[in-house]
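All of these numbers come straight from a predicted model, not from anything done at the bench. Side-chain atoms are counted along with the backbone in the values below, which use heavy atoms only and exclude waters and symmetry mates.
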Amino acid sequence: MSGRLVSLQPNASVHPPLEQLGFWGSPTSTVDWCESNYAVSRYIAEFFNTTSSLVILAVALFGGLLHYRGVERRFTAAFAALGVVGVGSTAFHATLRFELQLLDELPMLYTALILVYVLVENRASRRFGKWFLALLLAHGVLVTVLTAWTRSSIQFYLFHASFGSLELFALVSCIRIGLRQSSQALRRVFHIGIGSYVLGIVLWFIDLKYCSLVSFMLPGLGLVNPQLHAVWHVLVALGFYHLLVLLMFDRSTTLGQSAQLRRRFWLPVVVH
């Protein structure tokens with residue numbers, strides 16, 4: 001997923017000329033993360049960020065398979081979109097190519113739009129009608145065009161301003177839903193979900209803003225680079241899954257359906 005702005009000119013002190021020996025060459029993406037490029041394999045630009053992205057894909061696949069019965073299409077679409085994020089994130093971090101950066105970022109936007117729809121249209125009957133869905137689709141098309149046709153820091157900030165606002169709305173809405181739950185098991189799902197997601201955001205920000213601390217000061221003290229962006233991938237995947245389970249259960253309650261919360265492979269599952 002998306003960090004350190006490079007304006008297509010990576011900082012040699014963080015990403016040495018060794019990256020030129022990598023299979024994919026010098027980055028063309030508008031952002032290059034704090035992990036040293038091609039440090040583990042000449043075929044993978046950012047090894048830890050790439051492999052941790054597979055966790056996102058795995059969570060999406062497990063979530064879709066564990067909820068393949070009795071789930072509305074909106075939640076199936078959310079798991080599918082998360083899966084595309086996992087594929088795009090893996091491809092982007094492996095290559096640092098701009099085209100694959102879009103395959104990482106844009107599915108994040110679409111996933112957020114799906115969540116906004118889920119949160120707003122959470123009634124037995126439609127709240128706003130088809131025009132609201134059309135508005136979300138139009139927003140997605142507009143941001144897609146702007147993100148694809150801009151470069152450098154403009155592209156980075158434009159995308160994150162759009163995605164971040166949707167993400168903030170979704171998180172605040174999930175907090176409101178989670179706080180009104182009386183079930184201890186469901187509150188635990190909420191706490192794990194929101195805790196994992198928020199902690200992931202904090203680590204993402206540290207990795208973005210304090211790369212020199214992570215890459216030089218910590219190793220200088222005999223400590224390893226904690227690969228915070230890779231940890232963010234894992235935390236946000238688990239956080240997203242738990243929050244989506246919360247929304248599925250809440251949606252069942254809204255529709256007057258009987259639902260139970262069970263566990264499969266250490267993950268909560270909504271069973272109808």
Side-chain angles (χ1 to χ4, degrees), residues 1 52 55-83 85-86 107-124 127 136 163-206 228 231-272:
M1 297 182 175
S52 61
V55 176
I56 302 174
L57 177 59
V59 168
L61 291 174
F62 272 107
L65 291 174
L66 292 174
H67 295 94
Y68 72 97
R69 290 182 179 177
V71 175
E72 291 179 288
R73 286 181 294 179
R74 62 186 68 186
F75 296 110
T76 301
F79 280 122
L82 181 65
V85 171
M108 292 167 56
L109 171 70
Y110 306 149
T111 303
L113 288 172
I114 293 172
L115 285 184
V116 170
Y117 178 81
V118 168
L119 289 162
V120 173
E121 292 289 356
N122 186 24
R123 293 186 179 182
R127 184 178 184 181
L136 293 178
F163 170 74
S165 59
L166 296 172
E167 182 181 40
L168 179 61
F169 171 82
L171 287 176
V172 171
S173 299
C174 286
I175 290 174
R176 290 176 178 173
I177 293 173
L179 291 179
R180 71 172 183 237
Q181 303 301 320
S182 58
S183 167
Q184 184 176 359
L186 205 56
R187 288 180 68 88
R188 183 171 182 270
V189 169
F190 163 66
H191 290 148
I192 294 176
I194 198 67
S196 298
Y197 205 103
V198 171
L199 177 58
I201 292 176
V202 172
L203 297 183
W204 180 91
F205 184 82
I206 293 174
L228 297 182
V231 178
W232 137 264
H233 284 161
V234 176
L235 290 176
V236 77
L238 293 177
F240 181 92
Y241 177 88
H242 282 78
L243 292 177
L244 198 57
V245 166
L246 170 70
L247 297 184
M248 283 190 286
F249 197 97
D250 185 69
R251 175 66 174 170
S252 298
T253 302
T254 299
L255 297 178
Q257 299 175 346
S258 177
Q260 294 180 331
L261 197 63
R262 297 181 181 177
R263 289 201 167 269
R264 298 285 189 275
F265 307 104
W266 301 282
L267 290 174
V269 179
V270 178
V271 179
H272 294 89

Taking C-beta and beyond as the side chain, do Val120 and Phe169 meet within less than 4.5 Å on heavy atoms?
yes

As a quick check of understanding, evaluate side-chain contact (heavy atoms from CB on, under 4.5 Å) for Ile201 and Glu167, giving each step before the final call.
CA-CA 11 Å; Ile201 292 176; Glu167 182 181 40; 4.2 Å; yes

For the pair Arg263 (side chain) and Trp266 (backbone), establish whether a donor and an acceptor sit closer than 3.5 Å, ignoring hydrogens and angles.
yes

Main-chain N/O of His272 paired to Arg69 side chain as donor or acceptor, under 3.5 Å:
no

Does Arg188 use its side chain to pair, donor to acceptor, with the backbone of Ser183 at less than 3.5 Å?
no

Can you check whether Phe79 and His67 have ring centres sitting under 6.0 Å from each other?
yes

Are Phe190 and Ile177 packed together at the side-chain level, in the sense that at least one heavy-atom pair is separated by less than 4.5 angstrom?
no

Quick check: do Leu171 and Leu243 have side-chain heavy atoms less than 4.5 Å from each other?
yes

Separation between CG of Leu238 and OH of Tyr197, rounded to the nearest 0.5 Å:
12.5 Å

Main-chain N/O of Val269 paired with Arg262 side-chain donor or acceptor, under 3.5 Å:
no

With heavy-atom distances below 4.5 Å as the criterion, would you say the side chains of Thr76 and Glu72 are in contact?
no

Measure the spacing between CZ of Phe240 and CG of Leu247 and express it to the nearest 0.5 Å.
8.5 Å

Has the side chain of Tyr110 got a donor or acceptor atom that lies under 3.5 Å from a matching backbone atom of Leu82?
no

